[in-house]
Amino acid sequence: MRITVKLVGGFVQTMGFSQKELDVAPGSTVGDVLALLAIDPARPKIVALNGQAVAEAEEVHEGDRVLVSHVFSGG
Amino acid sequence: MDGWTGQFLRVDLTSRTHRVETFTEEFAYRWIGGRGFAVKILYDELPPRIDPLGPENKLIVAVGPISGIPAPNTGKTVVAAKSPLTGGYGDGNLGTRVTDQLRKAGYDAIIIEGRAAQPTILSIDDDTVEFLPADEIWGTGTMATNEWIWARYGKGAGVLTIGQAGENMVHYATVRSLEGRSGGRPGMGAVMGSKLLKAIVVRGSKPIPQAFPAKMKELGRDDLREVHRIDKELAWSVQGTTGVLPWCNEVAALPVHNFRGTHHPDAWQVDGERVNLARAALYGCPNCTMRCGIAVLDDEGRESEVDYEPVGLLGPNLDLFNLPEVASLNFLCDDYGLDTICAGGVLGFYADAIERGATQGDIRFGEVDGFKRLLGLIARREGIGDLLANGTRAAARAFGHGSEDYAMQVKGMEISAYNCKFIPGMALAFGVSPIGAHHKESWIITYEVNQTPRESYGRDKAQKIVDLQRIRGGLFESIITCRFPWVELGWGVEHYPVYFNTITGKDWTLEDFWPISDRIYAVMKLFWLREFPDTDRYADYPPAAWFDPANADTEGIIAGKHLEYDKYDSLLQHYYDIRGYDRRGIPTRTTLEQLGLGAEAAAAEAWATLT
């Protein structure tokens, strides 16, 4: 199934893309998506699924949008 | 006294005199510096209910014990006064060479009193204080003013300036420094202008008193390098603060169309990626190795240093999604010396009020030329600009027709670029910010959206706000450092007591700072109480628009959602309970005594009732 991954802030630079579609296996979780992208698990991050905060164990579904953001403290 | 020069410079612009005053070690450890010094001085010295733009007001320029020491992000200075925008306590910080130069000149603060007879530059060169004519630069923008001063004093001099907005006492005029630094949102630039003080120039040559200077030099150098390394690894400063924008858009927290919308499909056109791609130059504060001042070219080819707040409020909040156009509004604000957050809020409110028929005018959302023209009118106080120069609250009172409900301000100061229609904790953070709605005190929004049920009004959110206020509004604003290394790079807050101890020779832990933070917050509250003895908890409420079901999003992830009055009130009560404040939001007598503020409490009882 196909999902969209959107990166924010420094992740764009370090991962080399801003947004892309990704094919993942049915039953995949947010954590699986992060692992597939090889995002350092130790790196502080904010993750949202369709704009809502979720745990990494949350399952993703066809058409979902996963956002991975740098941690911010204001503008 | 290791850690402090132990001296204030008191300047009287009316009599063109000055004197050096000393303060005790007890005072230093009780108030630390920066905001702590400023609020204590202003509370003790200002008579109640003075005109903030009269000669009785005092402008404080204060540094802290780690200020100017080469170590991560120690280049900031606090400016403070009674605010013309809110009528209460006002302050802000900005990156400037004044920070290190003031300490080298031998002072921890300047207390500026009176009013000059003609436009003046205050020049401080170690022990020499001069009052120089500023006629040649009066009426010029901050960019030209800065260049004029640098040409005469060199780029190593510490410089604070105002633009035309400060000269004309626009209530949200800021103090400016370097290429793009700005501070003092609640009209500190207007107070400077009211005193006919165009610029402050500081040069110093003395050593900064430190307990262990060699150790501090090594520690500071190593940590500056480490912060730089982490920033390179995480690439935070590639987009700087503008990286926040797509997150806000994604989670429905972006201000769009005077905060009526929370997200927009075109927001990507002004996000951090576009800012980075358009990067023309990079600026930063002194002693910073993670510089975030990304300048882009505006639609007239001028360098404009943009951050998230101005982009959010001068962009999507005005239905503008063309980066060079947004940058042009940002440039004008910077050059006039207008606070970009307040200006964006005022422009959005005015366009909204016209759209809703509360007033008449030719300003429309999405039309940049009208907004450009309006900024000029505000800075010069011409036409409608004269009213809008007093902020959204004043304009709404003049317009009536229910427009106060969508004047997006708290205590008279415009809300920063986070739309909290359905983010109760961050709404409370704006509500209880001690200078009016500002994000710098407790940016709870990422914690709240990511780690709590968004719809919750639980005590944990109030506790988190207090925790953040203690760190950001208390510790960071008194020792004075930037908040960005802490969160953006994960640079632990435990580093700061290490710097403090190395400079002062003490052995403090973080826990030693929290009572001082609470003391500073309590005195800020007393300052407000003195100005508004009849104040109540409703002063800590955000705008009615966020509670209005009719203003809820009609689509998206928070469709139909809005804040609820009774729940917000219970959240506010949690905050008061944790702080030891009464139902009006005023520290109780017991709380004040526990914070060692018995004398301040006694003074407060001369004009208001404590419980």
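To find a chain, count down the sequence lines: A is the first, B the second, and so on, and within it residues start at 1. Note that this is a predicted model, so its numbers are computed, not measured.
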Open item on the list: At a 4.5 Å cut-off on heavy atoms, which part of A:N50 comes close to chain B: side chain, backbone, both, or neither?
Closed with: backbone

Task: Part of B:Y447 lying under 4.5 Å from any heavy atom of chain A - done: neither

- [ ] Taking all heavy atoms of A:T14 and all of B:A235, pick out the closest pair and write down the distance.
- [x] CG2-CB, 4.0 Å

TODO: Please state whether the side chain, the backbone, both or neither of B:V251 comes within less than 4.5 Å of a heavy atom of chain A.
DONE: both

Task: Neighbourhood of chain A inside residues 264-273 of chain B, taking heavy atoms under 4.5 Å as contact - done: B:D271, B:E273

Open item on the list: Which atoms of A:V12 are under 4.5 Å from chain B, going by heavy atoms: the side chain, the backbone, both sets, or neither?
Closed with: side chain

- [ ] Could you pull out the closest heavy-atom pair between B:R483 and A:S73, with the gap in Å?
- [x] NE-O, 3.5 Å

Open item on the list: Is there a side-chain contact between A:S69 and B:E250 in this structure, where contact means two heavy atoms from C-beta onward sitting under 4.5 Å apart?
Closed with: no

Task: Positive for side chain to side chain contact (heavy atoms under 4.5 Å, CB included) with A:H70, one of B:V238, B:L234, B:V487 - done: B:L234

Open item on the list: I need the A:R43 CZ to B:E233 CD distance, nearest 0.5 Å.
Closed with: 8.0 Å

TODO: Heavy-atom distances under 4.5 Å only: say whether A:S18 touches chain B with side chain, backbone, both or neither.
DONE: both

Task: Side chain to side chain, A:F72 and B:T241, heavy atoms closer than 4.5 Å - done: no

TODO: Among the options B:R454, B:R472, B:Q451, pick out the one with the most heavy-atom pairs lying under 4.5 Å from chain A.
DONE: B:R472

- [ ] Counting only heavy atoms closer than 4.5 Å, note whether A:V47 contacts chain B via side chain, backbone, both or neither.
- [x] backbone

Open item on the list: At a heavy-atom distance under 4.5 Å, which candidate from B:I444, B:D231, B:V244, B:T452 has the highest pair count against chain A?
Closed with: B:V244

Open item on the list: If you compare all heavy atoms of B:I557 against all heavy atoms of A:G51, which two are closest, and at what distance to 0.1 Å?
Closed with: CD1-O, 3.3 Å

